[in-house]
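Below is one structure, written out as C-alpha cells, with a few remarks after it.
We count residues from 1, following the sequence as given.
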Amino acid sequence: MSRPPRRPSGRTTEVEDLLRRHAPQVLGALVRRYGHFDAAEDAVQEALLAAAGQWPEAGVPENPRGWLIKVASRRLTDVLRSEEARRLREERAAALTPRDAFTAPPPGADRAPSEDDTLTLLFLCCHSDLTQPARIALTLRAVGGLTTAEIARAHLMPEASMAQRISRAKQKVKGTSFSRPENWEERLPAVLHVLYLIFNEGYTATSGAALQRAELAGEAIRLTRTVHALLPGHCEVTGLLALMLLTDARRAARTGPHGELVPLDEQDRALWDKAAIEEGVALVTQVLTQPRLGPYQLRAAIAAVHDEAASPDDTDWQEILGLYDILVRLVPGPMERLNRTVAVAMVHGPEAGLAELDSLEDELSTGHRLDAVRAHLLERAGNTEAARTAYESAAAKTLSRPEQRYLRARASRLAT
C-alpha cells in the first residue's frame with residue numbers, strides 16, 4: 001500500500017516523525033493483546049496511513065499513541081472477524097481486549113506499551129530463521145514504520161517484490177512469543193548488525209544513480225538512538241551510534257554539485273556537521289575507557305580520528321593503524337583488512353600497502369573495492385599505467401553509477 005501524496009510542509013514532516021516514533025509501541029500493544037503479528041502489523045500500517053492523511057490538516061490528537069492504538073485495534077478486530085473460525089476468534093479477541101481498548105488513555109497515562117517494546121520488536125524482526133535481507137525489510141516496516149513502497153524505493157526494488165519479501169518474513173516469525181528472548185544479550189549483535197547494514201546502504205548505496213540514500217541512513221540512526229536510550233550502558237550500542245553520527249557527519253561533503261563522488265581527502269571539511277561530530281566524539285570517548293573494546297567502538301574511534309583532523313595532512317594515520325590492528329584481531333574480515341591496508345600505506349608507503357593486498361585477492365576478487373584500493377595505491381606509487389587499468393577494472397565491477405563515473409574519471413586523467 002502506498003502512502004498518500006505528501007504535502008511539502010514542515011507540519012507533514014513533524015507528523016511523519018511522530019508516527020515513526022509511535023509505530024513500534026502501537027504494534028507492541030496490539031501483538032501483546034491479540035497475538036497475530038502479521039495481521040497486527042498490517043493493521044498498524046493502515047492506522048499510520050490514516051493518521052498521515054488526517055493529522056497534517058486536522059491536527060495531531062491530544063494522545064496520538066492512544067488514537068493509533070484505537071484505530072489499529074478496530075482494523076485488526078475487523079480482520080479477525082472475517083477470517084476462518086469467526087466465532088472462536090471473536091470470543092478470544094473479546095476475552096483479551098480490555099474494556100477501555102477503544103478509548104484513548106488520558107494525557108500522560110501509560111496503559112499503552114512501554115518503549116521497551118521497540119527492543120522486543122527488533123529481536124523479533126532479527127529472528128535467526130530470517131535471511132539478512134528479510135531482517136532489514138521487516139525491521140524497516142515493523143519498527144521503522146516505513147511503508148512497503150518506501151522500503152522498495154530505498155532498495156530500488158519493485159513494490160510487489162518487496163511486499164513478498166516482507167510477507168514471507170512475517171510468516172516465518174508467526175507464532176513466535178512476543179517477549180524479549182532469554183538470551184537477548186547473545187542476539188543483540190544480530191540486531192546491531194542489521195542496523196549497521198541499513199546505515200551502510202544509506203550512506204553508500206551499492207547500486208543505482210545516487211551515491212547516498214539519506215532516508216535509510218537517517219532511519220538507521222533514529223532506530224539506533226532508540227536502542228541506545230533503552231540500553232545506555234551497553235558499550236557496543238553506544239559505539240554503533242557514535243560510528244553512525246561520525247560517519248554521517250561528512251554526508252554533505254561527499255558529493256559535488258552534480259552528485260559526483262568526492263573522496264575523503266578532497267572534501268570541504270567546512271561542510272561537515274560539527275554538532276554530529278561533537279556528539280559522536282563524546283560518545284566514543286565515553287566507551288573507550290572500558291577495559292574490553294568491541295568492533296563498533298573501534299570503528300567509531302577510527303572515524304573520530306578522521307573527523308577531528310583539520311585537514312588530510314593532519315590525520316593521525318599512526319593512531320588509525322593501531323586501531324585497525326586491534327580491530328582485525330577481533331574481526332578478521334576481508335573488508336576490515338582491506339581498510340587496514342590503506343592505513344598501512346599511509347604510514348609505511350604505498351608499496352607496503354600493495355604487498356598487503358595479495359592476501360585478499362581470493363576473498364575480494366568479485367567486488368570492486370580491492371581494485372579501487374589497488375588503483376589508488378598504484379597511483380601514489382607512480383605506476384600510472386597499472387593504476388589506470390585497476391581503476392577501469394573497479395569501474396566495471398561496481399553497480400553504483402556515481403562510483404563508476406568517479407573511477408572512470410580517475411582512469412581518464414591518468415591516460416592523459
Side-chain angles (χ1 to χ4, degrees), residues 13 17 20 144 154 192-206 210-229 232 234-289 293-317 319-321 323-324 327 335-336 339-340 342-343 346 369 400 402-403 406:
T13 302
D17 291 343
R20 287 179 179 173
L192 299 183
H193 185 58
V194 164
L195 297 176
Y196 185 46
L197 290 175
I198 294 172
F199 176 80
N200 283 343
E201 181 60 28
Y203 188 70
T204 303
T206 53
L211 178 67
Q212 306 175 91
R213 296 174 193 159
E215 71 280 6
L216 276 183
E219 188 60 25
I221 293 173
R222 188 185 71 82
L223 292 175
T224 306
R225 280 193 186 280
T226 301
V227 178
H228 181 253
H234 196 285
C235 293
E236 276 291 79
V237 174
T238 304
L240 178 58
L241 178 57
L243 172 62
M244 290 181 180
L245 291 170
L246 291 164
T247 305
D248 193 62
R250 309 177 206 133
R251 174 160 44 91
R254 291 185 69 229
T255 54
H258 304 293
E260 67 272 20
L261 184 153
V262 180
L264 180 62
D265 59 352
E266 297 177 18
Q267 289 176 13
D268 180 359
R269 300 187 178 214
L271 297 177
W272 289 3
D273 187 336
K274 300 298 189 295
I277 292 173
E278 288 178 6
E279 183 182 1
V281 168
L283 288 169
V284 76
T285 302
Q286 169 191 332
V287 294
L288 284 179
T289 59
L293 298 177
Y296 294 119
Q297 296 160 253
L298 289 164
R299 293 183 181 111
I302 292 168
V305 176
H306 282 296
D307 285 12
E308 290 187 302
S311 69
D313 292 339
D314 293 330
T315 304
D316 190 342
W317 283 102
E319 182 178 359
I320 290 175
L321 179 57
L323 290 167
Y324 269 122
L327 178 62
M335 288 307 300
E336 286 75 17
N339 291 334
R340 178 185 173 276
V342 176
M346 297 303 292
R369 300 292 180 194
S400 168
E403 288 189 328
Y406 168 77

Would you mind reporting whether [Y] and [X] have side-chain heavy atoms less than 4.5 Å apart?
| X | Y | answer |
| --- | --- | --- |
| Leu261 | Thr255 | no |
| His306 | Ile320 | yes |
| Leu321 | Met346 | no |
| Leu211 | Glu403 | yes |
| Leu223 | Val227 | no |
| Phe199 | Leu240 | no |
| Pro312 | Arg269 | yes |
| Val281 | Ile277 | yes |

**Request:** Take Arg254 and Thr204 through the test side-chain contact (heavy atoms from CB on, under 4.5 Å) and record every step on the way to the result.
**Result:** CA-CA 10 Å; Arg254 291 185 69 229; Thr204 303; 3.0 Å; yes

**Complete:** Result for side chain to side chain contact (heavy atoms under 4.5 Å, CB included) between Thr224 and one of Leu243, Leu195, Thr238 points to Leu195

Of all heavy-atom pairs between [X] and [Y], which one has the smallest distance, and what is that distance?
| X | Y | answer |
| --- | --- | --- |
| Leu293 | Val287 | CD2-O, 4.0 Å |
| Leu216 | Gly202 | CB-CA, 3.7 Å |
| Gly259 | Pro402 | O-CB, 4.0 Å |
| Ala205 | Ser400 | O-CB, 3.8 Å |
| Ala220 | Ile198 | CB-CG2, 3.9 Å |
| Val284 | Ala301 | CG2-N, 3.6 Å |

**Asked** What residues form a side-chain contact (heavy atoms from CB on, under 4.5 Å) with Glu279, not counting sequence neighbours?
**Response** Arg225, Leu245, Leu283

**Item:** Modelled atom types, side-chain donor and acceptor of Thr247 and Arg299, under 3.5 Å
**Value:** no

**Request:** Take Arg222 and Glu215, measure what salt bridge (Lys or Arg N to Asp or Glu O under 4.0 Å) needs, and give me the verdict at the end.
**Result:** CA-CA 10 Å; Arg222 188 185 71 82; Glu215 71 280 6; over 6 Å; no

Mind checking the [atom1]-[atom2] spacing from [X] to [Y]? Nearest 0.5 Å is all I need.
| X | Y | atom1 | atom2 | result |
| --- | --- | --- | --- | --- |
| Asp265 | Gln267 | CG | CD | 8.5 Å |
| Asn200 | Met335 | CG | CE | 9.5 Å |
| Asp248 | Trp272 | CG | CH2 | 12.5 Å |

**Prompt:** Hey, is the main chain of Gly294 close enough, under 3.5 Å, to the side chain of Gln297 for a donor-acceptor pair?
**Reply:** yes

**Item:** Donor-acceptor pair, side chain of Glu236 and main chain of Tyr296, under 3.5 angstrom
**Value:** yes

**Request:** Using the six-membered ring of Tyr203, assess whether NZ or CZ of Arg250 lies under 6.0 Å from its centre and within 45 degrees of the ring axis.
**Result:** no

